[in-house]
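Scroll down for the structure; my scribbles are underneath it.
Just so you know, these numbers use all the heavy atoms, side chains as well, and skip hydrogens, waters and symmetry mates. Residue numbers start from 1 in every chain, and the chains themselves are labelled A, B, ... in the order their sequence lines are given, proteins ahead of strands.
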Protein chains: 2
Amino acid sequence: MGKGLETRERILAIAEASVLAKGFGATSIDEIIADAGITKSGFFYHFKDKNELARAMLLRYVRSNNHLFDDVFGRGTQLSDDPLQAFLIGLKLLAEVMADLPNGHPGCLIASVCYQERMFDREVRAIAANSVQGWNARFRATLDEIAKVHPPHEAVDLDTVADMMSCIVDGGIIMSKLMDDPRRLEKQVLAFRAFVKMLFAPAPASRPAHAVSAA
Amino acid sequence: MGKGLETRERILAIAEASVLAKGFGATSIDEIIADAGITKSGFFYHFKDKNELARAMLLRYVRSNNHLFDDVFGRGTQLSDDPLQAFLIGLKLLAEVMADLPNGHPGCLIASVCYQERMFDREVRAIAANSVQGWNARFRATLDEIAKVHPPHEAVDLDTVADMMSCIVDGGIIMSKLMDDPRRLEKQVLAFRAFVKMLFAPAPASRPAHAVSAA
DNA sequence: CCGAAAACCGTACTTCAAGTACAGTGTTTT
DNA sequence: AAAACACTGTACTTGAAGTACGGTTTTCGG
């Protein structure tokens, strides 16, 4: 990585942390440059204004999230030929990754943008919307594969189940941040996993409906 | 309502809309007072600073949300003696309310605070955390009632299922705002409803496991 | 090793919002 | 009629966003 890209990356990382902690409007350029050890001129050399910073931050975030999903669900398909088992393995791995973040999940930039939409131009909002749409389509395709082999037990819309994945993660992040308990997010992902399992897994004949109680 | 309270309420409503659209840090007092038709002095007569405004906004939001929950789930218990059916009715009503909001759900102030935590003092963050904790406890109690009558089919942690309710709503709000489609939120609530149903409802003997396909 | 492009630094400035301070005014309540 | 309430008006300080632009150092291909 060249020196220019390195500085740019440092700015983006610092800005992301600040935006997730204080919001975009309250993130000051003076603070960013102080943390990055550069001057204001240096900042504006890399980004012509705050909107360009936002665009770059978002693209960076989306790329890293895509890598994460490729990683965990790719591993899932390596470990099982059954699409349902592969997805369940991927969800378990995802939950583990979420739980292993040292200070908990720092937050979802997409959600942050969503709650400050009027601060951004159309392009930034489009990046956010398209990314989520892409993730939903990805999960929808996975669910289709599963449904081909394991017809669902309940007549639910698979698009909605695919959406649910993103909703659970975003909601789980909020919950875990609010309660200052990283494990809340892990548990939500595992609860979604249980939902998928209940929806598609063949009913085990050995376990009658009333045998298990969690109360 | 006295004249003072009326102005105060007007300020809070305008501020809430602005915070949900732009974030707390980017919400300017000048804009609020312009919309409210008062002067800056008038604003500071009601709230000594922005943190006091945040505190009042949050309390207002929590109260109105509590009323909504009391309303829909209260109606549910009126309409059925079975705790599961009552909860399912409440969820259906909640989904309807969410879908009937004219411009979609404006956003969750708790989530907004969560994504701008460093902007607020400890008290504001405590209000947010306690409120969600309260809702979780409420849903947990409901689930306990249900589990007494209908033992769950899967060994899931009921605290996590209770959390899931808030997660789905917050995630659904983000999703529907992002996609500019209010029905996304409604569908998420109904999907959670399907989850609860699958978890507790007695398996209908008339419908074998492989009879339904949504693909 | 040299020159040009890249990657900055320094200074000065304008604009705008947050928040403070405080004196004054009309209205309502007791 | 007095006091409390609900504001208005003016003036100020502080700080961040963003502009402008000239100067300096570092890097890298030829």
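- A:Lys187 and A:Asp181 are not joined by a salt bridge, as no carboxylate oxygen comes within less than 4.0 angstrom of a charged side-chain nitrogen.
- Proximity note for B:Asp30 (side chain, C-beta onward) versus D:dA16, C:dA17, D:dT19: the nearest is C:dA17.
- In this entry the distance linking CD of A:Glu31 with C1' of D:dA17 reads 14 Å, nearest Å.
- Between B:Thr7 and D:dA6 there is no side-chain polar atom (N or O) within less than 4.0 angstrom of OP1 or OP2.
- For C:dA7, the OP1/OP2 oxygens have a side-chain nitrogen or oxygen of A:Tyr45 closer than 4.0 Å.
- To the nearest angstrom, P of D:dA6 lies 12 Å from CD1 of B:Ile11.
- The residue among A:Asp49 and B:Gly42 whose nearest nucleotide of DNA chain D is located toward the 5' end is B:Gly42.
- In the set D:dG18, C:dG19, D:dG9, the nucleotide with an atom closest to the side chain of A:Lys50 is D:dG18.
- With hydrogens and angles ignored, no donor-acceptor pair under 3.5 angstrom links the side chain of A:Lys40 to the base of C:dG10.
- Two residues are said to be in side-chain contact when any heavy atoms from C-beta on lie closer than 4.5 Å; B:Ile11 and B:Leu53 meet this criterion.
- In this structure, B:Phe120 and B:Phe24 have tilted ring planes: the angle between them lies in the 30° to 60° band.
- The residues B:Asp144 and B:Arg140 are annotated as salt-bridged, a charged nitrogen and a carboxylate oxygen being separated by less than 4.0 angstrom.
- Straight-line distance from the CZ atom of B:Phe43 to the P atom of D:dC5: 20 Å, rounded to whole Å.
- At the heavy-atom level, B:Ser28 lies under 4.0 Å from the strands shown only through sugar-phosphate atoms.
- Going from atom CZ of A:Phe44 over to atom P of D:dA17 covers 8 Å, rounded to whole Å.
- Look at CD1 on A:Ile38: it is 21 Å from P on D:dT24, rounded to the nearest Å.
- Which of C:dC8, D:dT8, C:dG10 sits closest to the side chain of A:His46 comes down to C:dC8.
- When rounded to the nearest whole Å, the span between CZ of B:Arg10 and P of D:dA6 equals 13 Å.
- Using bins of under 30°, 30° to 60° and over 60° for the plane-to-plane angle, the ring pair A:Phe139/A:Phe69 lands in the perpendicular bin.
- If you check distances only, the side chain of B:Ser41 does reach the base of D:dG9 with a donor-acceptor pair under 3.5 Å.
- Residue A:Lys48 contributes atom NZ, which lies 17 Å from atom P of D:dC21 at whole-angstrom precision.
- When the C1' atom of C:dT28 is taken as reference, atom CG of B:Leu5 falls 14 Å away, rounded to whole Å.
- The side chain of B:Ile29 lies closest to C:dA18 when the candidates are D:dG18, D:dT8, C:dA18.
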